[in-house]
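There's a structure below that I have some questions on.
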There are 2 protein chains.
Amino acid sequence: MSPRKRASEELTKEMILKEAQTQFEKKDFQNVSMRNIAKQLGCSHGAIYYHFKNKAELFYMIIEEHFSKLNALLDETTEGPENDETKLKNVFLRFIEFGLNHQSQYELMFMLRNKEVDSLSQQAANESYQKFAQAVQSLSSNQLTVADIWSIFIALHGFVSYYRGFVSHFEEAEAAAISHVNFIVSGVKSKPKL
Amino acid sequence: MSPRKRASEELTKEMILKEAQTQFEKKDFQNVSMRNIAKQLGCSHGAIYYHFKNKAELFYMIIEEHFSKLNALLDETTEGPENDETKLKNVFLRFIEFGLNHQSQYELMFMLRNKEVDSLSQQAANESYQKFAQAVQSLSSNQLTVADIWSIFIALHGFVSYYRGFVSHFEEAEAAAISHVNFIVSGVKSKPKL
DNA sequence: CTTTTAATTGACCACTGGTTAATTATAGTG
DNA sequence: CACTATAATTAACCAGTGGTCAATTAAAAG
């Protein structure tokens, strides 16, 4: 009554994570269930619990991965060959792009404050923010206070959290994103020069 | 096996709406259920369905009410006795205050794009936004484009959607809100005068 | 005092979802 | 080949959800 799969079809952590990611692209995280992940993988939902202690552990691995991705993205953009203002705009734009192209993950990373999100991911969020703040500081030739940079982040976050669910990919909101980024940058430029 | 309540204890639409509001203050809307509303009211959940067709109808009445409240708030602030710049800041601040003091309602009003929110409330959201845009336009002595005003709204929305769940009342974020509003206003002031 | 009428109950349905214990087939090992 | 560790299946449990409806009963109307 319980045939085991051939070795070639054996379930791996990676397969489960990948399928979860796939579902995250279509639904928000609340609607991604262990049972449905299993169904799509063609395995029983119980099997997943052999590889992951519980749902939280699975989801946590995913967001950890995405915090790394975001950090890498920020570094990469900051170290690019363009001039500082272009790079600053790119930091803003690529943050938005990241948020809109990984909406469910972004939600877990920056929008949930409930029990679902534990202190570990709060810490990861803070670290990513610090990276962001440092990038903005170093790319701007204006006097920006800590509060200014925070407001910039909030403004970008606002864009992502408004358009998420409304568009499914960054490109659909790209024009609006560029306009928003220009608004922010023009505000930054009004600050006194260093 | 089914005693009916005395007249003095009879259920009314208002009681149900009020209890739903109370629950909205503690939990986000996803976790407010017909069953729990009934439990707190000391009635059976079936009783609620005598007064409301379904959950959507109940929730919709609540957000309708809140769109009206927000509209009134915007009018009130715009028509105040202060000078334009103060009033502009107040419009921003009170929008944030509204969002943080009615978090679940704000979520339904401006954050949900799923099936849960129908086209009717989308329309109400647009109307409220138009009111906001007009207020900003009329209170600003600078040349603001449609895109600029949209960016301002997004920046405010960002504040609300970041702090919601993190603080439970506006006052807890008031200092940060003032700082954010000042950031926005200083950006506005860098635009050419009319 | 009797008949309406209106409000309420509670059982029921059909779901979704996480989690776990018992079970069994397979793969690797000696 | 036998044995064991492993990886999977199954079924059940538990807790919740929105929603429906016949039966009941309190209050209102006559």
Side-chain angles (χ1 to χ4, degrees), chain A residues 1-20 22-24 26-63 104 107-108 112 114-118, chain B residues 1-20 23-24 26-63 104 107-108 112 114-118 121:
Chain A
M1 282 278 187
S2 40
R4 180 179 170 171
K5 294 261 170 75
R6 308 228 183 89
S8 59
E9 307 177 354
E10 264 189 16
L11 207 55
T12 61
K13 267 191 156 101
E14 286 66 39
M15 286 167 66
I16 298 169
L17 284 167
K18 193 183 161 198
E19 176 57 32
T22 304
Q23 302 221 1
F24 274 161
K26 295 170 202 154
K27 324 172 190 185
D28 73 303
F29 98 103
Q30 288 259 28
N31 297 317
V32 173
S33 66
M34 300 299 254
R35 286 175 130 89
N36 209 272
I37 292 170
K39 189 189 274 181
Q40 282 312 112
L41 284 170
C43 71
S44 67
H45 56 272
I48 297 180
Y49 285 88
Y50 183 81
H51 299 274
F52 294 94
K53 197 168 115 258
N54 53 32
K55 193 183 181 181
E57 187 178 295
L58 205 181
F59 281 24
Y60 184 62
M61 285 198 68
I62 290 178
I63 64 171
S104 295
E107 192 181 358
L108 285 164
L112 293 177
N114 326 15
K115 315 96 201 169
E116 283 114 341
V117 96
D118 51 346
Chain B
M1 282 278 186
S2 41
R4 179 180 171 173
K5 294 260 171 77
R6 311 242 173 82
S8 60
E9 305 177 354
E10 264 188 18
L11 208 54
T12 61
K13 268 190 156 108
E14 286 65 39
M15 287 166 67
I16 299 169
L17 285 166
K18 193 183 161 198
E19 176 57 34
Q23 302 221 1
F24 274 160
K26 297 171 200 152
K27 324 171 188 184
D28 72 304
F29 99 103
Q30 287 261 27
N31 296 318
V32 173
S33 66
M34 298 299 255
R35 290 177 126 85
N36 210 273
I37 291 170
K39 188 189 275 181
Q40 283 312 113
L41 283 171
C43 71
S44 68
H45 65 274
I48 298 181
Y49 286 89
Y50 181 81
H51 299 274
F52 294 94
K53 195 170 116 258
N54 53 32
K55 194 184 181 181
E57 186 178 294
L58 204 181
F59 281 24
Y60 183 62
M61 285 199 67
I62 291 178
I63 63 170
S104 294
E107 193 182 358
L108 285 163
L112 293 177
N114 327 15
K115 314 99 203 169
E116 282 114 342
V117 96
D118 53 348
S121 69

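Quick note on labels: first sequence line is chain A, next is B, and so on, each numbered from 1. The model shown is predicted, which means the values in this text are computed figures rather than measured ones. Both backbone and side-chain heavy atoms feed into the values below; hydrogens, waters and symmetry mates do not.
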Regarding the side chain of A:His51, the nearest nucleotide among D:dT20, C:dT9, D:dA8 is D:dA8
For the pair made of CG in A:Leu41 and P in D:dT9, what is the distance, rounded to whole Å?
-> 10 Å
Among C:dT19, C:dT9, D:dT9, the nucleotide that comes nearest once only the side chain of A:Cys43 is considered = D:dT9
Figure out the CG/C1' separation between A:Leu11 and C:dA27, and round it to whole Å.
-> 16 Å
Could you run down nucleotides 12-17 of chain C 5' to 3' and tag each one B, S or - for protein heavy-atom contact under 4.0 Å?
-> B----B
To the nearest angstrom, how far is A:Tyr50 atom OH from C:dT24 atom C1'?
-> 14 Å
Distance in angstrom units between B:Leu58 CG and D:dG19 C1', rounded = 14 Å
Report the residues that fulfil side chain to side chain donor-acceptor pair (under 3.5 Å) with A:Asn54, sequence neighbours left out, ordered by chain and then residue number.
-> none
Does B:Phe59 have its ring centroid less than 6.0 Å away from the ring centroid of B:Phe52?
-> no
Closest heavy-atom pair, A:Leu41 versus A:Met15, reported as atoms and distance to 0.1 Å, is CD2-O, 3.9 Å
Does the side chain of B:Ile48 reach to within under 4.5 Å of the side chain of B:Lys55, using non-hydrogen atoms?
-> no
Salt bridge (Lys or Arg N to Asp or Glu O under 4.0 Å) filter on A:Glu19, not counting sequence neighbours, yields none
Is any side-chain N or O of A:Tyr49 closer than 4.0 Å to OP1 or OP2 of C:dT20?
-> no
Side chain B:Ser44, main chain B:Ala38, donor-acceptor under 3.5 Å | no
Return the value, rounded to whole Å, for the distance between atom CD of A:Glu57 and atom C1' of C:dT20.
-> 16 Å
Please tell me which of the listed nucleotides, D:dT6, C:dT19, C:dT8, lies nearest to the side chain of A:Asn54?
-> C:dT19
